[in-house]
Amino acid sequence: MLAWASAQIHCQFHASESRVALPPSDGSKHDVQAENETVFVPNRGERGQCILSTPPKILFCDLRLDPGESKSYSYCETLPLDGPPSFRGQSVKYVYKLTIGCQRVNSPIKLLRVPFRVLVLHGLKDYQFPQDEAVAPSNPFLEEEESLKKDSRLADLATELLMVATSRRSLHLYNISNTRGKVGTFCIFKTVYKIGEDVIGTFNFSEGDIPCLQFSVSLQTEESIQEEFQRRRGQPVSFTVHARHQESCLHTAQSSFSLPIPLSSTPGFTTNIVSLKWRLHFEFVTSGESAGTCLVRGSQSEAVTWTGVEQMEVDTFSWDLPIKVLPTNPILASYVSQFSSTNSITI
């Protein structure tokens, strides 16, 4: 005999005490509820703060099951549009969980928490659907509820906006130079991507005045805490490297790189506490001498062998190029975990 079962979605916020200074939260309500074991509190015992929760929905009441008998129930919920995306950073974490609570008669409540991932695409909140529904494509043989039709159109709109934003291509050329002169040029065809895509760029060192010995390109995220929530004024920003390419390029006229944006990564976003931005971080090692002195003759015989010098003066400098990373289709993002999972609790 099961008394009841209920389901609710909540977003739990975690912050590093050494990096983030949060105002004290009013947890008196949860403390009072925690004393009563018959009250469904989805985030009971969780660390951090619950910053978002949906209304609880009752799955069943007074369910009696005979030995070997089973029943199944469906749960559907719409997430608020103003919630943050799922994110596990160095300073803060936003974790979404579906909590199912069930109580057996004369027994304490048992909770089952199922974590899941949320991707947020900004710009859909204020979209207004056309009033003339007759122009919208529809199937006359299917009867759909109005809410389902709107959700379907919203998903199609989100996919279309992603395709439009990430398919625009225009040539971006940047001159690479230091205090001594020009090293080369860098070319990239777009600066807006969605997770799962490859960031592709090319270098041209043939027109440079300064020889480039080596370059490296890193795909990084920049996690910064808003100034009013920083533990210490002017504290450093946290960087995370997701992909890196390094290459020796002496006497190389042209080169290129391709850095994949992981499907498991978080697109750029901003909340009142934290901001996440993407960038390409370049590091160049150039020669302090001319290109002709970078090689020495190893033999005076007819068969001439050229070898590299053991020591030489070099200069290093870096450069950051901001890029924008948007979410992708949730079905594509779910490919990072192809294994089906089953969660259970013992009542």
For this session: Spell out, yes or no, whether Tyr75 and Ile100 are grouped together once hydrophobic residues are joined by side-chain heavy atoms under 4.5 Å, including indirect joins.
Result: yes
Exercise. To the nearest 0.5 Å, how far apart are OG1 in Thr54 and CG in Leu79?
Worked result: 7.5 Å
Seminar exercise, completed: So CZ of Phe257 and CG of Leu219: to nearest 0.5 Å the spacing works out to 9.0 Å
Exercise. Judged by atom type as modelled, is there a donor-acceptor pair below 3.5 Å linking the side chain of Thr221 to the main-chain atoms of Trp278?
Worked result: no
Exercise. Any donor and acceptor pair, going by atom type alone, linking the side chain of His10 with main-chain N or O of Gln8 inside 3.5 Å?
Worked result: no
Seminar exercise, completed: Taken to the nearest 0.5 Å, the spacing of Thr266 OG1 from Ile195 CD1 works out to 8.0 Å
Problem set entry | Crowding at CD1, Ile345 (>12 non-hydrogen neighbours, <6.0 Å) | yes
Exercise. Between Arg231 and Val20, is there a donor-acceptor pair closer than 3.5 Å when you use the side chain of the first and the backbone of the second?
Worked result: yes
For this session: Please check if the side chain of Lys324 supplies one atom and the backbone of Thr166 the other of a donor-acceptor pair under 3.5 Å.
Result: no
Exercise. When the ring centroid of Phe282 is compared with that of Phe186, is the distance short of 6.0 Å?
Worked result: yes
Exercise. If two hydrophobic side chains count as joined below 4.5 Å and joins carry through other members, does Leu332 share a cluster with Met163?
Worked result: no
Exercise. How about Ser238 and Arg19: does a side-chain donor come under 3.5 Å of a side-chain acceptor?
Worked result: yes
Exercise. So, Arg244 side chain and Gln220 main chain: donor-acceptor pair closer than 3.5 Å or not?
Worked result: no
Problem set entry | Flag for Gln12-His14: side-chain donor and acceptor within less than 3.5 Å | no
For this session: Rounded to the nearest 0.5 Å, what's the gap from CZ on Arg88 to CD on Gln90? Could you check?
Result: 14.0 Å
Exercise. So if you build clusters from Ile, Leu, Val, Met, Phe, Trp, Tyr with side-chain heavy-atom gaps below 4.5 Å, do Phe60 and Leu65 land together?
Worked result: yes
Exercise. Which distance, rounded to the nearest 0.5 Å, do you find between the OH of Tyr94 and the OG of Ser86?
Worked result: 11.5 Å
Exercise. Is the gap between the ring centers of Phe205 and Phe203 under 6.0 Å?
Worked result: yes
For this session: For atom CG of Asn106, decide whether the heavy atoms of other residues, nucleotides or ligands shown that lie under 6.0 angstrom number more than 12.
Result: no
For this session: May I ask you to check whether His281 and Trp319 place their ring centers less than 6.0 Å from one another?
Result: no
For this session: Could you point out which residue of Ser216, Ser255, Ser256 forms a side chain to side chain donor-acceptor pair (under 3.5 Å) with Glu247?
Result: Ser255
Problem set entry | Step-by-step side-chain contact (heavy atoms from CB on, under 4.5 Å) determination, Leu276 to Thr270 | CA-CA 6 Å; Leu276 185 73; Thr270 300; over 6 Å; no
Exercise. Using a distance-only test with no angle check, is there a side-chain donor-acceptor pair under 3.5 angstrom linking Asn204 and Ser206?
Worked result: yes
Problem set entry | Residue pair Gly101 / Leu111: nearest heavy atoms and the distance that separates them | CA-CD2, 3.7 Å
For this session: Output yes when a side-chain donor or acceptor of Gln214 lies under 3.5 Å from a complementary backbone atom of Gln246, and no otherwise.
Result: no
For this session: Indicate if Tyr174 and Leu280 have the same hydrophobic cluster label, given that clusters are the connected sets of ILVMFWY residues with side-chain heavy-atom separations under 4.5 angstrom.
Result: yes
For this session: Return the minimal non-hydrogen interatomic distance between Val241 and Ser218, and the atom names on each side.
Result: CG1-CB, 4.3 Å
Exercise. Distance-only, no hydrogens or angles: does the Thr271 side chain make a donor-acceptor pair with backbone N or O of Ile273 under 3.5 Å?
Worked result: yes
Problem set entry | Side chain Asn329, main chain Ile331, donor-acceptor under 3.5 Å | yes
Exercise. Taking all atoms of both residues into account, what is the closest heavy-atom pair of Ile347 and Cys102, and its distance?
Worked result: CD1-CB, 3.8 Å
For this session: Check whether more than 12 heavy atoms from other residues, nucleotides or ligands sit under 6.0 Å from atom CD of Glu17, and answer yes or no.
Result: no
Problem set entry | Whether over 12 other heavy atoms sit under 6.0 Å from Lys190 NZ | yes
Exercise. Taking 4.0 angstrom as the limit, do Lys182 and Asp209 come out as a salt bridge?
Worked result: no
Seminar exercise, completed: Scanning both residues in full, the closest heavy-atom pair of Gly83 with Leu52 reads CA-CD1, 3.7 Å
Seminar exercise, completed: Closest heavy-atom pair, Lys194 versus Pro327, reported as atoms and distance to 0.1 Å, is CB-O, 3.3 Å
For this session: Decide whether Leu119 and Val95 are clustered together by the hydrophobic rule: side chain heavy atoms of Ile, Leu, Val, Met, Phe, Trp, Tyr closer than 4.5 Å, transitively.
Result: no
Exercise. Does Gln103 reach the main-chain N or O of Ser107 with its side chain, forming a donor-acceptor pair under 3.5 Å?
Worked result: yes
For this session: Ignoring hydrogens and angles, tell me if any N or O in the side chain of Glu160 forms a donor-acceptor pair with the backbone of Leu157 under 3.5 Å.
Result: no
Problem set entry | Interatomic spacing from CG in Asp320 to CD in Glu222 - rounded to 0.5 Å | 8.0 Å
